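Order of appearance sets the numbers: ligands from 1, and atoms from 1 within every ligand. Remember, it's a predicted structure, so these values are computed and weren't measured experimentally. All values below were derived from every heavy atom in this structure, side-chain atoms included, with hydrogens, water molecules and symmetry-related copies excluded. Residues take their numbers from the sequence shown, with the count starting at 1.
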Amino acid sequence: MRRTLLELASRISGPLFAALLCGSLSSAAFAVEPQKPYSQMTPRPMWVEKVKDGLYVVRGPLGTCMGPCVPGQPLDGALHEPGDVAVRVTPEGLIIVDTKFARDVPDLLKIIKTISPLPIKYVLNSHYHGDHVGGNGELIKYGAQLVVNEELREAYDRSKRDGDSPPVTFGAYGAIYLGGVKVESHHFRSGHTRGDSFAYFPDLKVVHTGDVVIEGMPFIDYRDGGSAVGWVEEIYDVLKLDFDWAIPGHGRLLTKDEVRQYVKNVEIMNERMKDLVRRKVPVEQAGKMLKLDDLGWDKSPSTGTFMANSIPGYYAEMAAVLAAEQKLGAR
Ligand SMILES: [Zn+2]
């Protein structure tokens with residue numbers, strides 16, 4: 001029956017209508033709920049939280065592994081979820097930030113339908129990682145317009161992802177105006193990735209930070225031009241925006257003070273890695289010796305990814321910083 005209805009809807013009004021109809025058939029499972037830290041949560045399906053009137057964040061699904069669990073691979077004990085999706089409601093349609101994995105799109109469309117029946121007009125992306133943009137292609141098929149900054153588009157071209165290279169791009173700054181609402185896009189520099197992008201909702205004083213601020217430790221993507229030094233500078237750039245809430249790349253909403261503390265923690269971590277380099281600790285041991293527990297990052301969802309991917313690049317970057325400081329000091 002549902003299939004027949006969907007096929008009919010597709011013939012009448014296109015795939016977006018079909019998607020909305022699908023959502024309307026099974027939307028009662030989602031509700032607006034208060035924020036909780038990962039430490040107080042258990043695995044659960046996708047859900048929505050209200051940020052302010054007209055702005056929502058879609059969280060989850062929350063599970064014990066980020067992607068499909070690999071048989072035989074030990075779990076890291078942390079809860080994982082694809083990227084937080086921001087949904088800005090305007091009288092003329094929706095602007096969303098990030099799209100989770102492609103497999104999450106059916107649930108994402110259902111849950112967005114519980115927020116508003118209006119169509120998704122624009123999609124912004126925080127960066128190119130698959131847990132944030134995997135659903136782009138599907139949403140474009142449903143009629144949404146993807147707009148990203150130039151750096152980010154180049155990342156899509158490098159990764160050769162289908163459907164992700166948008167025909168329209170922003171520079172370092174851009175804005176979308178829809179239904180009397182303005183949503184800004186800021187690209188300051190490279191930190192998490194080369195094309196990091198921040199969606200800013202000026203009327204509501206909220207920023208979506210992507211993975212530059214998360215409920216967990218930074219994962220620095222050196223393969224895509226990430227940088228720990230850039231990361232710190234980037235957060236100070238973000239802090240210049242007038243906001244009182246940040247929607248992180250993963251996790252619960254954070255206050256501006258929590259973002260200030262986050263960058264301080266990154267600076268502390270950088271100093272510690274620099275110290276390991278100064279003491280000539282071999283790179284193979286540097287990850288194990290990097291003190292993270294007092295920062296709350298020893299068992300965070302991103303700790304495993306950081307340890308598996310970021311250590312050689314991080315070590316090399318901090319060695320270069322140290323060498324530059326010593327050169328300056330010798331003058
Ligand atoms: Zn990421």
Side-chain angles (χ1 to χ4, degrees), residues 38 57-63 65-68 76 78-86 96-104 108 123-137 146 148-149 151-161 164 185-199 207-235 237-238 246-254 259 262-263 265-266 269 297 300-314 317:
Y38 286 132
V57 58
V58 182
R59 300 277 310 276
L62 194 61
C65 52
M66 170 63 85
D76 64 2
L79 288 176
H80 299 267
E81 61 178 326
D84 288 6
V85 171
I96 72 167
V97 184
D98 286 351
T99 58
K100 300 186 184 284
F101 288 115
R103 64 172 181 267
D104 296 317
L108 184 60
V123 175
L124 300 176
N125 286 163
S126 60
H127 63 295
Y128 83 104
H129 287 158
D131 55 324
H132 294 261
V133 305
N136 281 358
L146 173 66
V148 302
N149 69 54
E151 295 274 6
L152 196 43
R153 190 184 194 283
E154 286 172 19
Y156 295 141
D157 289 346
R158 282 195 299 278
S159 61
K160 298 197 177 2
R161 247 191 221 129
D164 279 349
S185 168
H186 295 265
H187 167 64
F188 297 113
R189 60 189 82 229
S190 305
H192 179 55
T193 64
R194 192 180 302 176
D196 291 345
S197 190
F198 300 85
V207 64
H208 184 294
T209 64
D211 283 354
V212 177
V213 182
I214 52 177
E215 193 184 333
M217 74 174 299
F219 153 57
I220 307 158
D221 186 349
Y222 283 100
R223 280 182 304 184
D224 188 61
S227 158
V229 173
W231 194 305
V232 168
E233 292 170 347
E234 199 174 29
I235 298 181
D237 289 332
V238 173
I247 300 171
H250 300 266
R252 65 179 178 84
L253 292 178
L254 300 170
V259 176
Y262 193 83
V263 70
N265 289 353
V266 181
M269 187 176 80
W297 290 347
S300 78
S302 42
T303 304
T305 313
F306 173 88
M307 290 299 170
N309 298 282
S310 299
I311 292 294
Y314 191 28
E317 183 181 10

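T193 places no side-chain N or O within 3.5 Å of a backbone atom of D224 that could act as its donor or acceptor partner. A donor-acceptor contact shorter than 3.5 Å is absent between the side chain of H208 and the backbone of F198. Checked by atom type and distance alone, the side chain of S300 never pairs as donor or acceptor with a backbone atom of G216 at under 3.5 Å. No donor-acceptor distance shorter than 3.5 angstrom exists from the side chain of Y128 to the backbone of V133, with no hydrogens or angles considered.
Protein atoms that are N, O or S and lie under 2.8 Å from the Zn ion (ligand 1) are these: H127 NE2, H129 ND1, H192 NE2, D211 OD2.
F188 and H186 have parallel rings, their planes meeting at less than 30° on a 0 to 90° scale where 60° marks the start of perpendicular.
By the side-chain hydrogen bond (donor to acceptor under 3.5 Å, both in side chains) test, H132 is found to be paired with D98, D211, H250, residues two or more places apart in sequence or in another chain being considered.
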